Amino acid sequence: MPSPFFCGSDAHRVSRRGFFGAAAAAGVAADMTGLNVLGSPALASELRRGQKRVILLWLAGGSSQLETFDPKPGAPTGGPFRAIQTDVPGLQISELMPKMATRMKDVCLIRGLNTRNGDHGSGAKLMMRGRRDEPSLRYPDLGAVVAREMGRADSQVPDYVTFYTQTEGRSFAPGDSGFLGARYAPMELTTNNTPEFIRRLDSITETDHRERAELRNMLGRDFVRGRTSDALGSHAEAYGRVRGIMGSERLFDVSQESQRTRDRYGPTQFGQQALIARRLVEAGVPFVRVARAWWDSHGQNFETHQEMVPELDHVMATLIDDLKERNLLNDVMVVTLAEFGRTPGINASLGRDHFASAWSMTMTGASAKGGAVWGRTDPRGQTVTHEEVNAANLFATIYAALGISPHKNYYVGSRPIPLVDPGAEPIEALVK
Amino acid sequence: MPPVPTPESFRQTGDHNRPVITFAVALGDRPGRAYFGCSDFKVYEADLGAAKVEFKELHGTHGSYVTGVAFAAGCVVSGAYDGKLVWWNTAENRHVRTVDAHGRWVRKVVASPDGALVASVADDMVCKLWDAETGRVVKELRGHAERTPTHFPSMLYGVTFSHDGRKLATCDKVGKVVIWDVASGNQLGACESPGMYTWDPVQRLHSIGGARTVAFSPDGTLLAVGGIGKIGNIDHLEGKARVEVFTVADGRSQWVFESDRYRGLVNKLQFAPDGSWLLAAGGAGEGQFEFLDVAAKRPKRQDKLTMHTHDFAATPDFGTVVYVGHNRVVVHKPA
């Protein structure tokens, strides 16, 4: 259902952001949206590009491709679940995902991942960054790059938010801005759904808080008069961002949504965090990761997936529907990804172990081509037989589908650092 | 009653490699004849008394793992994760009927002691009683919650008849056990064994475990429940093999056994014909069996099996025990 606030035009798209900015400003923070930027035609195209955002559903621990997007029913490795037909002719996925089966025409599915790293720690880093760190160079992860590319200098909402509430595996893949530095480091939520330590201290009144800011601004203006320094600008920007982030607390409050909307996402923590992620990207946050741990099913793989995949199916389908209804799906990409998949072989505990040689991920929205399937695995799911994809190709494709040139260079000192490993190209067939 | 074999007397007399996982076993009406439900969606038959044991495909009509088999009214009744029950006449080697029995995975199928009824349990959380001859539903027993307290689907793992056939017990993922009156379908009582279920709300946000199997003592006074104890790292079946015994009359827990030697699930329990001991079998990466002294409330014999064991079947006198599981079928007999 189309949003009542949006007609689809670029002009209205800008107005819509203005609407959300105004709505937020009414109850949140007077300085959250930077409406002056929206008034500048010169920045309109930049803003359109900047509107691309990402919600990463991080399936920590490694979900099974055989129980999700690459089933092998009837094969000795196939497990007990059936495959069901999707709305894409010839494409079947696991019966555990009936809701997604009717939405695959919006989903770009890669079945040919061979990332060659079956270790939780280094695998998670690889799949968050698209490459391995060098001994003397720590690369930024996907969230930091998207924050850097899609965030706006004047934005006072966080650029990169990550939810990782479970403890298992959290240390394997912390959000990491690498050489981009603290400016693009994530706001990490690890204990509940609301950021800690962003509230004004009870001992300081709102009036005191505001007057302190005004005094600091006045002293700052006097100090910088006649001086030019990047450090001074950064100092003032940091204060401004802090105040904006302090005002963003309501974005994390799902009680601001209708009961119907909250019910749609369901009662689970994953569902509620996905709803918050939608609120955040709608308000302009470029990158939100919702980590759902822990899929590491060495024992009882099928029961673990029987428990967890229906939740993923529901949350993913609801999120896609919600974004679509709000006309956000052209701007927001929902990615499902993990550090690796799981072995086709079934161990004695009815478990599946770590496996990075032939597994799957999805991209939905932005310029990822819906209904596309890339990569094919053998009948037992043990190898990629066609259209193999490594981490660098994958990240090049994600960047391309977000309108970011994967060949863009950052600079560390005078050294150019391309966004992806040299030679990696996006899979053009997956980008609209 | 013939003398009951002692736990110490059992010796392995057969060990058969299989290319599949065997989830369920039932003994037939001829000596040595056994039927197997397997991970290749098929039901097999074997004469375990033959000089050369061969596993012959009986049928492959299921669409998923075959997790329950029972022998009743001349038929092997098999249940699978496809939700279906299949009746197969063994004497005539023919398909009798297929029934869309449950909306979710069938976990176990057992026959009543007189062979007149077949009971099936499934993850739709319903136990159904079937007329073994006609395949018609006799009763639907509903007493287990479909969702766990944390909003995830529950699972109904185990079912057993009492030795007189008048009672039935069912057990589920969160450790709830319900005792039923077979004739009326009414609940007679319930007991809880929450120690079988691990919900990890902090580290991994999912669950593992569950009450997997139940067994009545021959006199009907005790009910044993098997599963796994609390697990720290639920990536693996790391908890201690666990058995809890209740009195049927009041549902009170009488004792809890947590293995000091083996970790993993207890997937099958059965009392000795005289009730003096209880046999528990299961496993994790490897398998084990443990004989528990019912009166002394302690283990009498604990030993490894060559595979994670999903089920076993014994002749009424325990002259033969057939263990089945991961890629093997193992036969034990008293010396």
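Model, not experiment: these values are computed from the prediction. Convention: sequence-line order gives letters A, B, ...; per-chain numbering from 1.
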Non-hydrogen atoms of chain A under 4.5 Å away: do they reach the side chain of T67(B), the backbone, both or neither? neither
So if I apply the salt bridge (charged side-chain N to carboxylate O under 4.0 Å, His left out) rule between E67(A) and each of K72(A), R352(A), R342(A), which one comes out positive? R352(A)
With a 4.5 angstrom heavy-atom cut-off, is it the side chain or the backbone of E303(A) that approaches chain B, or both, or neither? both
Closest non-hydrogen atom pair between T336(A) and F69(A), with its separation: OG1-CE1, 4.3 Å
Counting heavy-atom pairs under 4.5 Å with chain B, which one of A348(A), G299(A), G78(A), P267(A) comes out on top? A348(A)
For F302(A) and Y65(B), take the angle between the two ring planes, folded into 0 to 90°, and tell me which bin it lands in: parallel under 30, tilted 30 to 60, perpendicular over 60. perpendicular
State which residues pass side chain to side chain donor-acceptor pair (under 3.5 Å) with R279(A); sequence neighbours excluded, sorted by chain then number. E257(A)
Contact check, side chains of R212(B) and I228(B), non-hydrogen atoms, under 4.5 Å: no
By a 4.5 Å heavy-atom criterion (distance strictly below it), what part of D235(B) contacts chain A: side chain, backbone, both, or neither? both
Among the listed options E95(A), Q269(A), Q166(A), E311(A), the residue most often paired with chain B at heavy-atom distances under 4.5 Å: Q166(A)
Side chain, backbone, both or neither: which part of S297(A) has an atom under 4.5 Å from a heavy atom of chain B? backbone
Less than 4.5 Å to any heavy atom of chain B: does that hold for the side chain of L350(A), its backbone, both, or neither? side chain
Could you look at L205(B) and say if it's the side chain, the backbone, both or neither that has a heavy atom under 4.5 Å from chain A? both
Using heavy-atom distances under 4.5 Å, tell me whether H206(B) contacts chain A through its side chain, its backbone, both, or neither. both
Below 4.5 Å, heavy-atom pairs only: which of D82(B), V202(B), D200(B) has the largest tally toward chain A? V202(B)
Please enumerate all residues that pass side chain to side chain contact (heavy atoms under 4.5 Å, CB included) together with R380(A), with sequence neighbours excluded. P76(A), T77(A), D378(A), Q382(A)
Check whether any side-chain heavy atom of H298(A) sits under 4.5 Å from a side-chain heavy atom of H354(A), and report yes or no. yes
So which of P73(A), G79(A), A75(A) has the largest heavy-atom pair count under 4.5 angstrom toward chain B? G79(A)
Side chain, backbone, both or neither of R170(A) within contact of chain B (heavy atoms, under 4.5 Å): neither
Is D296(A) close to chain B through its backbone or its side chain, or both, or neither, when contacts mean heavy atoms under 4.5 Å? both
Counting heavy-atom pairs under 4.5 angstrom with chain B, the leader among R82(A), Q306(A), Q300(A) is Q306(A)
Under 30°, 30 to 60°, or over 60°: which ring-plane class applies to H310(B) and F23(B), parallel, tilted or perpendicular? tilted
Sort D123(B) into side chain, backbone, both or neither according to what part of it lies under 4.5 angstrom from a heavy atom of chain A. side chain
Flag the one option from K173(B), H236(B), H308(B), Q203(B) with the top tally of heavy-atom pairs under 4.5 Å to chain A. Q203(B)
Of R103(A), K99(A), R278(A), the residue whose pairing with D321(A) passes salt bridge (charged side-chain N to carboxylate O under 4.0 Å, His left out): R103(A)
Classify the ring geometry between H59(B) and W88(B) as parallel (under 30°), tilted (30 to 60°) or perpendicular (over 60°). parallel
When only pairs under 4.5 Å are counted, which of M307(B), E286(B), H326(B), R204(B) shares the most heavy-atom pairs with chain A? R204(B)
Is the H332(B) ring parallel, tilted or perpendicular to the Y323(B) ring (thresholds 30°, 60°)? perpendicular
